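A short worksheet on the structure shown next.
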Amino acid sequence: MRLIHSGKVRDVYEDRGDLILVASDRVSVFDVILPTPIPDKGKVLTRLSLWWFERLADVVPNHVISATDVPEEFAGRAVRCRRLRMIPVECIARGYLAGSGLKEYERDGSISGVPLPAGLVEGSRLPEPIFTPTTKAPLGTHDEFVTFEQVVAQEGAEVAQELRRLTLEIYRRGAAIAAERGIIVADTKLEFGWSEDGVLTLGDELLTSDSSRFWPAEDWRPGGPQFAFDKQYLRDWALSTGWDKTEPAPEVPPEIVEITRDRYIEAYERITGEKW
């Protein structure tokens with residue numbers, strides 16, 4: 001195997017013409033990698049992604065070849081994948097107002113150029129899910145909102161429309177499944193690429209606690225921060241330290257690591273119905 005890319009969370013190897021995508025226990029907040037890993041995080045994300053890929057395979061082809069035909073040292077946290085020519089757009093669907101989308105709305109009354117009604121607050125459910133793409137920033141820099149029209153200019157109208165359609169359909173399907181299990185999917189980030197035979201294909205991860213905001217439905221209260229089964233807890237902790245969102249990030253205390261790990265696992269168990 002040959003390491004060809006090391007990202008914020010995942011390492012990518014080349015093996016027998018395929019790619020081996022390895023989910024580490026690293027965690028990033030505000031596009032900066034924290035120095036402290038979260039034990040089992042990579043395995044939780046891998047297993048949850050595979051669960052979703054299987055259930056949403058009828059919506060769009062995905063890059064998964066095998067979760068078992070991987071090097072032994074990466075067992076449980078790696079997936080053998082098809083090579084894709086990735087589209088340099090982070091495809092984000094939002095059903096609720098939170099995070100950077102909230103800040104954009106408070107400033108402009110819109111997100112990625114999509115106008116929203118006045119009077120929404122943190123945690124508000126949007127009238128309907130919206131497509132709010134961002135740039136795919138290099139390591140150490142920040143993603144920026146772009147409009148649908150900018151995606152059209154970059155990728156062409158037909159591709160942009162299909163990216164929007166697929167992103168919203170995956171979000172709606174995933175959110176409906178999660179809702180049956182008492183989980184609100186506030187938003188999610190997807191990545192797409194082109195397979196060798198020219199098919200638009202879903203890559204990276206799918207509906208995990210790193211790529212989505214998961215809230216317990218029973219605790220949802222618009223008007224402030226929500227209890228999070230995702231890395232929002234780490235984001236909030238990091239900000240509480242006075243950190244300025246630039247490197248180096250602060251070390252994470254053991255008790256914060258444990259709470260974060262427990263939340264990742266609870267999200268997995270509630271969504272899949274499987275015991276970790």
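Numbering starts at 1 and runs along the sequence shown. Note that this is a predicted model, so its numbers are computed, not measured.
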Residues, nucleotides or ligands: over 12 heavy atoms within 6.0 Å of [X] [atom1]:
X: E196; atom1: CD; result: no
X: R16; atom1: CZ; result: yes
X: R125; atom1: CZ; result: no
X: E14; atom1: CD; result: yes
X: E158; atom1: CD; result: no

Between [X] and [Y], is there shared hydrophobic-cluster membership here, with clusters defined by ILVMFWY side-chain heavy atoms closer than 4.5 Å?
X: Y233; Y: V252; answer: yes
X: L200; Y: W52; answer: yes
X: L21; Y: V60; answer: no
X: V59; Y: L48; answer: yes
X: V22; Y: L19; answer: no

Measure the [atom1]-[atom2] distance between [X] and [Y] for me, rounded to the nearest 0.5 Å.
X: E122; Y: E106; atom1: CD; atom2: CD; answer: 8.0 Å
X: F192; Y: N62; atom1: CZ; atom2: CG; answer: 10.5 Å
X: L34; Y: L234; atom1: CG; atom2: CG; answer: 6.0 Å
X: R165; Y: I170; atom1: CZ; atom2: CD1; answer: 9.0 Å
X: F74; Y: M1; atom1: CZ; atom2: CE; answer: 4.5 Å
X: M86; Y: R83; atom1: CE; atom2: CZ; answer: 13.0 Å

Identify the two heavy atoms, one from [X] and one from [Y], that lie closest to each other, and give their separation to 0.1 Å.
X: E191; Y: K189; answer: OE2-NZ, 3.5 Å
X: V199; Y: P61; answer: CG1-CG, 3.9 Å
X: C81; Y: D18; answer: O-CB, 3.6 Å
X: V89; Y: P133; answer: CG1-CB, 3.8 Å
X: A160; Y: V152; answer: CB-CG2, 3.6 Å
X: P253; Y: W237; answer: CD-CZ2, 3.2 Å

Is any side-chain heavy atom of [X] less than 4.5 Å from a side-chain heavy atom of [Y]?
X: V29; Y: L239; result: no
X: L207; Y: I177; result: no
X: R82; Y: S195; result: no
X: P88; Y: Q154; result: yes
X: L190; Y: Y171; result: no
X: R2; Y: I4; result: yes
X: I130; Y: L116; result: yes
X: F145; Y: I111; result: yes

Inset, instruction - Starting from the C-alpha separation in whole Å, work towards a yes-or-no answer on side chain to side chain donor-acceptor pair (under 3.5 Å) for Q161 and R164. - result: CA-CA 5 Å; Q161 288 166 6; R164 179 171 63 182; over 6 Å; no
Inset, instruction - Show your working on side chain to side chain donor-acceptor pair (under 3.5 Å) between D210 and T208 and close with a plain yes or no. - result: CA-CA 5 Å; D210 263 15; T208 72; 5.6 Å; no
Inset, instruction - Classify the angle between the aromatic ring planes of F30 and W243 as parallel (below 30°), tilted (30 to 60°) or perpendicular (above 60°). - result: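 It falls in the tilted class, 30° to 60°.
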Inset, instruction - Mind telling me whether W220 and Y96 have parallel, tilted or perpendicular rings, with 30° and 60° as the class edges? - result: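 Rings of Y96 and W220: perpendicular, over 60°.
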Has [X] got a side-chain atom pairing as donor or acceptor with [Y]'s backbone, closer than 3.5 angstrom?
X: Q150; Y: T147; value: yes
X: K41; Y: R26; value: yes
X: D11; Y: S6; value: no
X: S49; Y: L206; value: yes
X: H63; Y: D204; value: yes
X: T241; Y: A238; value: yes
X: Q226; Y: G224; value: yes
X: E269; Y: W276; value: yes
X: S28; Y: D31; value: no
X: R80; Y: D15; value: yes

Inset, instruction - Go through the steps to decide whether Y264 and D40 satisfy the test side-chain contact (heavy atoms from CB on, under 4.5 Å), and finish with yes or no. - result: CA-CA 9 Å; Y264 274 81; D40 290 326; over 6 Å; no
Tell me whether [X] forms a cation-pi arrangement with [Y], defined as NZ or CZ under 6.0 Å from the six-membered ring centre and within 45 degrees of its axis.
X: R270; Y: F229; answer: no
X: R263; Y: F214; answer: no
X: R47; Y: W51; answer: no

Inset, instruction - Verify whether one side chain among D108 and S110 offers a donor that lies under 3.5 Å from an acceptor in the other. - result: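 Looking only at side-chain atoms, S110 and D108 do not form any donor-acceptor pair under 3.5 Å.
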Inset, instruction - Check the pair L126 / L120 against side-chain contact (heavy atoms from CB on, under 4.5 Å), numbers first and verdict last. - result: CA-CA 8 Å; L126 304 181; L120 299 179; 3.9 Å; yes
Inset, instruction - Carefully, step by step, assess T36 and E251 under the rule side chain to side chain donor-acceptor pair (under 3.5 Å). - result: CA-CA 6 Å; T36 315; E251 291 279 351; 2.9 Å; yes
Legend entry - From S112, S100, P129, residue fulfilling side-chain contact (heavy atoms from CB on, under 4.5 Å) relative to R94: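 In the set S112, S100, P129, the residue that makes a side-chain contact (heavy atoms from CB on, under 4.5 Å) with R94 is S100.
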Inset, instruction - Among I184, V185, D187, find the residue that satisfies the side-chain contact (heavy atoms from CB on, under 4.5 Å) test when tested with R213. - result: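 Among the candidates, only D187 passes.
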